[in-house]
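Step one of this worksheet: look at the structure below.
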Amino acid sequence: TISGAPTQTLTNCAALSGVQAGVDQNRGQRCASVLLEVPQPHPSITKNAPSTMQPGDTITYTLVAANNSDATDVLVDPQLTDCVPFSSHLVVSNILAGGSPLPANGWALQALTPGGCTPTAPNTPNSGTLVQLQYTGALAPGSAAPTITYDVTADSFQSPTVLDSPTPPGDYTNTVELTASDGGDFGHCVQGGCTASDTVRVPVLAQLQSQKLVLGALDREFNKAGTTTPGGQVTWKLSVQNVGNVEVENTQFVDIFSFVGDRGVRVNTLRGSEYVPYLVDPITAPVGWTVEYSTATNPCRPEVLGPNS
């Protein structure tokens, strides 16, 4: 029983001594300490997410707010504040509490604001999406609030809108903080600062995509399959797009006109061509491209098939 005003730490010591065969024996002293405190919660916050995501991927973050088992009081109305980096490329959606859309299971969404916070990394000011959630209720020692999950989608080429570009490569770190409902500090937590961080890496993605369309003498617009007449003109249109998240240099495009018995540019499969077109005008290309011709039916193309091919 403790009476009066105890100090912060109560230390109790025991010593053992005696006389054995007329000789004094002293076995020393051993002490144990107990921390005395005003009843208070011992908040805990954990955060988990996959370690990598590609442009176009959607990953799920998981947050758990709890009152640790060594707490001496209930945890009342905790609040979570998170800042997801790069709101212009990483889109937050599908926030759930215990698997249900908010508000649910004691949780309510207080804020979901792109550009509303400064993330941990990259720490560009006001570049993150503010996610703030409020729990209403009391968590007994050793209990946790229903789990929070939310999805983050990395922009890819022209997705989710045609104006979007792929998420740049790099490490993206966001830190969630557990506070009282008024934003105040709990004083002590299982984790330092009542925070938990997670880092997700977007790897380098070097990727090109190309398209070839044709306009025959009997066509009104370019298509993947055209129609012409004997002696009629045919126009091909090639386009190359960088759909990756880094610059690509020294790009080469190899095309082989059709002829009877021809095979693929990259594979040895028969293409089934039934006639031979003839080039009647020089090929026009944008600035930066160099056009080269070959009259061989099977031209060397080491850039496509490897050395000496």
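All heavy atoms count here, side chains included; hydrogens, waters and symmetry mates do not.
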Cut-off 3.5 Å, side chains only: do T81 and Q132 have a donor facing an acceptor?
yes
Report the C-alpha distance between S258 and E274 in whole Å, list the side-chain angles of each, state the deciding distance to 0.1 Å, and finish with yes or no for side chain to side chain contact (heavy atoms under 4.5 Å, CB included).
CA-CA 8 Å; S258 60; E274 297 180 348; over 6 Å; no
Within the structure provided, determine whether F157 and S165 are in side-chain contact (heavy-atom separation under 4.5 Å).
no
Kindly work out whether a path of hydrophobic side-chain contacts (I/L/V/M/F/W/Y, heavy atoms less than 4.5 Å apart) joins F186 to L133.
yes
Heavy atoms, side chains only, cut-off 4.5 Å: are Q25 and V23 in contact?
yes
Closest heavy-atom pair and its distance - T124, P119
O-CD, 3.7 Å
How long is the straight-line distance from CG of L238 back to OG of S210, given to the nearest 0.5 Å?
8.0 Å
Specify the closest pair of heavy atoms between T199 and T173, including all atoms of both residues, with the distance to one decimal.
OG1-OG1, 2.6 Å
Does CD in E292 sit with more than 12 non-hydrogen atoms of other residues, nucleotides or ligands closer than 6.0 Å?
no
Look only at the side chain of S87 and the backbone of S127, and say whether a donor-acceptor pair between them is shorter than 3.5 Å.
yes
Around R263, counting heavy atoms of other residues, nucleotides and ligands shown, do more than 12 lie under 6.0 Å from its CZ?
yes
Given 3.5 Å as the limit, does a donor-acceptor pair link the side chain of R301 with the main chain of V254, or not?
no
Any heavy-atom pair between the side chains of V265 and R271 that's under 4.5 Å?
yes
CG of D185 to SG of C194: how many Å apart, nearest 0.5 Å?
6.0 Å
Looking only at the side chains, is there a donor atom on one of N174 and T120 sitting less than 3.5 Å from an acceptor on the other?
no
Considering residues, nucleotides and ligands other than Q209, do more than 12 of their heavy atoms fall under 6.0 Å from its CD?
yes
Considering only heavy atoms from C-beta outward, does the side chain of V234 approach that of P277 to under 4.5 Å?
no
Side chain proximity check, Y61 to I148, heavy atoms < 4.5 angstrom:
no
Examine distances only and state if a side-chain atom of N245 and a backbone atom of L205 form a donor-acceptor pair shorter than 3.5 Å.
yes
Shortest non-hydrogen separation from T228 to G216 and the atoms involved:
CB-CA, 4.2 Å
Quickly, which of F253, F222, F257 forms a ring pair (Phe, Tyr, Trp, His ring centres under 6.0 Å) with W236? Name it, please.
F257
Is there a chain of hydrophobic side chains (I, L, V, M, F, W, Y, each step under 4.5 Å between heavy atoms) that links W289 to I283?
no
Check whether S159 reaches the backbone of S156 with its side chain - one donor and one acceptor, N or O, closer than 3.5 Å.
no
Got a donor-acceptor contact below 3.5 angstrom from the Q79 side chain to the S181 backbone?
yes
Whether the Q191 and S44 side chains hold a donor-acceptor pair (N or O, under 3.5 Å, no angle test) is what I'd like checked.
yes
Quick check on Q29: does its CD atom have over 12 non-hydrogen neighbours (other residues, nucleotides or ligands) under 6.0 Å away?
yes
Side chains of P41 and L139, heavy atoms from C-beta outward: is any pair under 4.5 Å?
no
Which atom pair, heavy atoms only, marks the closest approach of L96 to L102?
C-CD2, 4.4 Å
N105 side chain vs A97 backbone, donor-acceptor pair below 3.5 Å
yes
Distance check, rounded to the nearest 0.5 Å: N68 atom CG versus H188 atom NE2?
9.5 Å
Would you check if the side chain of D219 reaches a backbone N or O of E221 as a donor-acceptor pair within less than 3.5 Å?
no
Tell me whether D198 contacts the main-chain N or O of V176 through its side chain, where contact means a donor paired with an acceptor under 3.5 Å.
no
Is there a side chain to side chain donor-acceptor pair (under 3.5 Å) between T60 and D151 once you walk through the steps?
CA-CA 4 Å; T60 300; D151 293 340; 2.7 Å; yes
Please tell me whether L109 and L63 are part of a single hydrophobic cluster in this structure, the criterion being side-chain heavy atoms less than 4.5 Å apart.
yes
Do K224 and L213 have side chains that approach each other closer than 4.5 Å (heavy atoms only, starting at C-beta)?
yes
Please say yes or no: joined through hydrophobic side-chain contacts below 4.5 Å, possibly via intermediate residues, are V200 and I95 part of one cluster?
yes
How long is the gap from CG on L80 to OG1 on T195, to the nearest 0.5 Å?
12.0 Å
If you look at every heavy atom in L90 and T129, which pair is closest and at what distance?
O-OG1, 4.4 Å
Would you tell me whether S33 and T11 have side-chain atoms, one donor and one acceptor, within less than 3.5 Å of each other?
yes
Interatomic distance, OG1@T284 vs NZ@K237, rounded to 0.5 Å, equals 11.5 Å
Determine the minimum heavy-atom distance between A104 and S100, stating which atoms define it.
CB-CB, 3.7 Å
Just do the side chain to side chain contact (heavy atoms under 4.5 Å, CB included) check on M53 and T167 with the steps written out, would you?
CA-CA 10 Å; M53 68 185 307; T167 304; over 6 Å; no
Would you please test K47 and T62 for side chain to side chain contact (heavy atoms under 4.5 Å, CB included) and show each step?
CA-CA 6 Å; K47 181 177 193 175; T62 301; over 6 Å; no
Has the side chain of N242 got a donor or acceptor atom that lies under 3.5 Å from a matching backbone atom of G244?
yes
Hydrophobic clustering (ILVMFWY, side-chain heavy atoms < 4.5 Å, transitive) - are F259 and Y278 grouped together?
yes
Apply the test side chain to side chain contact (heavy atoms under 4.5 Å, CB included) to residues Y135 and L75: give CA-CA distance (whole Å), side-chain angles for both, the deciding distance (0.1 Å), then the verdict.
CA-CA 10 Å; Y135 181 76; L75 175 61; over 6 Å; no
Is the backbone N or O of D73 less than 3.5 Å from a side-chain atom of N67, with the two atoms forming a donor-acceptor pair by type?
yes
Do D82 and Y150 have side-chain atoms, one donor and one acceptor, less than 3.5 Å apart?
yes
Report yes if the side chains of L112 and V92 come closer than 4.5 Å at any heavy-atom pair, otherwise no.
yes
